[in-house]
Engineer: 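Okay, here's the structure, questions in a sec.
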Amino acid sequence: MATAMVAIASPATAALTTWFGQDLVVGNPPASAANSVAARDAFIAALSSHATENFDAIPAFATNPVLNFGTFGTAITNNSQVLNYNQFDAHAFSGSNYLWSDQSITITFANAISSFGLFGSDLNEVNVFGLQLVDTLGNITTLAVPHSFPVDSGANMFFGFANPGVSYISITLFNAPGGQDGFGFDDLIIGTSAVPEPQSWALMIGGFGIVGAALRRRRTGVFAR
């Protein structure tokens, strides 16, 4: 049974803000996503406008799809495929389609963005997952996603960030080296951030406990790579 908690992280560089929630439910999907959805809703509430790519307009089995975010523009992907069935417990969160890969995926945006969020599933065996952000000046920032998925689970998570002071041109979703595990993503969200505070808030829901919160407070959660 997941333990729900909310923790506030210490100030980080610039105005980077993060949201995170996970649901550690072992078993075949669809598993619970209550904490993940709560984190998604908090992320969206911090945006003045947003758009979502849920992959349902993209044919199943399409490889390296072009993503469509409406007025926010498009993005291209690599090392990825759109699936419409559960693949080793990876699964869709809305509709029937989702993005799957067993390698790192780089998303390159036609228009620079300052906020990004997504649902993830089946991040289990790796325990090494994060986002590498490249901004318009070529600076690289790496965000570690603090999930604690059990092995062979239908567990779910949501992770999002907003940084109104920086524009990013690409995001890499990185897995452990060598494609050691497959993972699924759905409902990718980009938007215009309305978060003004120079702090990093982490909404960490489920499965951490006091030790995880203490470790999070001692780290910024953002480090250069």
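Each residue takes its place number in the sequence, starting with 1.
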Engineer: To the nearest 0.5 Å, how far apart are CG in N163 and CG in L143?
Structural biologist: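 Here the interatomic distance stands at 9.5 Å.
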Engineer: Measure from the ring center of F109 to the ring center of Y168 and say whether it is less than 6.0 Å.
Structural biologist: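 No, ring centres 6.0 Å or more apart.
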Engineer: Side chains of Q22 and S148: any donor to acceptor distance under 3.5 Å?
Structural biologist: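 Yes, because at least one side-chain N or O of S148 sits under 3.5 Å from a partner of the opposite role on Q22.
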Engineer: Within a strict 4.5 Å, meaning less than it, do heavy atoms of the L188 and F69 side chains meet?
Structural biologist: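 Of all side-chain heavy-atom pairs linking F69 with L188, at least one is under 4.5 Å.
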Engineer: CG of L24 to NE2 of H147: how many Å apart, nearest 0.5 Å?
Structural biologist: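 Answer rounded to 0.5 Å: 10.0 Å.
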Engineer: Quick one: does N68's side chain get under 4.5 Å of E53's, heavy atoms only?
Structural biologist: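 They are in contact (side-chain heavy atoms under 4.5 Å apart), so the answer is yes.
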Engineer: Before you tell me yes or no, could you show the steps for I113 and I171 under side chain to side chain contact (heavy atoms under 4.5 Å, CB included), namely the whole-Å CA-CA distance, both residues' side-chain angles and the distance that decides it to 0.1 Å?
Structural biologist: CA-CA 10 Å; I113 66 166; I171 296 174; 3.8 Å; yes
Engineer: Heavy atoms only: give me the nearest D186-S94 pair and the separation to one decimal.
Structural biologist: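 Of all heavy-atom pairs spanning D186 and S94, the closest is OD2-N, 3.2 Å.
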Engineer: Within the structure provided, determine whether M157 and L123 are in side-chain contact (heavy-atom separation under 4.5 Å).
Structural biologist: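 Side chain of M157 against side chain of L123, heavy atoms only: contact under 4.5 Å found.
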Engineer: Please round to the nearest 0.5 Å and tell me the distance separating atom CG of N156 and atom OG of S121.
Structural biologist: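 If we round to the nearest 0.5 Å, N156:CG and S121:OG are 6.5 Å apart.
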Engineer: Taking the six-membered ring for Trp, are F158 and F43 parallel (under 30°), tilted (30 to 60°) or perpendicular (over 60°)?
Structural biologist: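 F158 and F43: tilted rings.
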Engineer: Can you name the nearest heavy-atom pair linking A112 to I169, along with the distance?
Structural biologist: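 That closest heavy-atom pairing would be CB-CG2, 4.3 Å.
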Engineer: Between T192 and S115, which heavy-atom pair has the shortest distance, and what is it?
Structural biologist: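 Heavy-atom minimum between the residues: N-OG, 4.0 Å.
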Engineer: Determine whether D187 and F55 make a side-chain contact, defined as any pair of heavy atoms from C-beta on separated by less than 4.5 Å.
Structural biologist: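 Heavy-atom side-chain distance check fails, nothing below 4.5 Å.
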Engineer: Looking at OG of S36 and CG of D23, how far apart are the two atoms once the value is rounded to the nearest 0.5 Å?
Structural biologist: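 CG of D23 is found 4.0 Å from OG of S36.
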Engineer: Check whether any side-chain heavy atom of I105 sits under 4.5 Å from a side-chain heavy atom of Q103, and report yes or no.
Structural biologist: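 The answer is no, as the side chains (C-beta and beyond) never meet within the 4.5 Å cut-off.
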Engineer: Hey, does T142 have a side-chain heavy atom less than 4.5 Å from the side chain of L133?
Structural biologist: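 The answer is no, as the side chains (C-beta and beyond) never meet within the 4.5 Å cut-off.
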Engineer: If you take all heavy atoms of I189 and I44, which pair is closest and at what distance?
Structural biologist: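 Closest approach of I189 to I44: CD1-CD1, 4.0 Å.
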Engineer: If you define the side chain from C-beta out and look only at heavy atoms, does anything of S167 sit under 4.5 Å from D135?
Structural biologist: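 Answer no - side chains too far apart.
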Engineer: Please check: side-chain N/O of Y98 versus main-chain N/O of A90, any donor-acceptor pairing under 3.5 Å?
Structural biologist: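 Yes; judged by distance alone, with no hydrogens or angles, the pair exists.
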Engineer: Do L67 and T74 have side chains that get closer than 4.5 Å, going by heavy atoms?
Structural biologist: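 Heavy-atom side-chain distance check fails, nothing below 4.5 Å.
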Engineer: State the CG-CD1 distance between N64 and I76, to the nearest 0.5 angstrom.
Structural biologist: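 So the gap between those two atoms works out to 9.0 Å.
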Engineer: Going by atom types alone, do S170 and T108 pair a side-chain donor with an acceptor below 3.5 Å?
Structural biologist: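 Looking only at side-chain atoms, T108 and S170 do not form any donor-acceptor pair under 3.5 Å.
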Engineer: Take F161 and F159, measure what ring pair (Phe, Tyr, Trp, His ring centres under 6.0 Å) needs, and give me the verdict at the end.
Structural biologist: CA-CA 7 Å; F161 76 88; F159 182 83; 7.2 Å; no
Engineer: S96 vs D56, test: side chain to side chain contact (heavy atoms under 4.5 Å, CB included). Steps then yes/no.
Structural biologist: CA-CA 7 Å; S96 59; D56 285 336; 3.9 Å; yes
Engineer: Which atom pair, heavy atoms only, marks the closest approach of H50 to F72?
Structural biologist: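 H50 and F72 have their closest heavy atoms at C-CE1, 3.6 Å.
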Engineer: Strictly distance-based, threshold 3.5 Å: is any side-chain N or O of Q87 a donor or acceptor partner for the main-chain N or O of W100?
Structural biologist: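 No, the answer is negative, given that no donor and acceptor are paired below the 3.5 Å cut-off.
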Engineer: Could you pull out the closest heavy-atom pair between N78 and S104, with the gap in Å?
Structural biologist: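 In this case the closest contact between N78 and S104 is OD1-O, 4.1 Å.
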Engineer: State yes or no: are the ring centers of F185 and F129 separated by less than 6.0 Å?
Structural biologist: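 Ring-ring flag for F185/F129: true, centres closer than 6.0 Å.
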Engineer: Quick check for you: to the nearest 0.5 Å, what is the distance between L83 atom CG and L99 atom CG?
Structural biologist: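 If we round to the nearest 0.5 Å, L83:CG and L99:CG are 8.5 Å apart.
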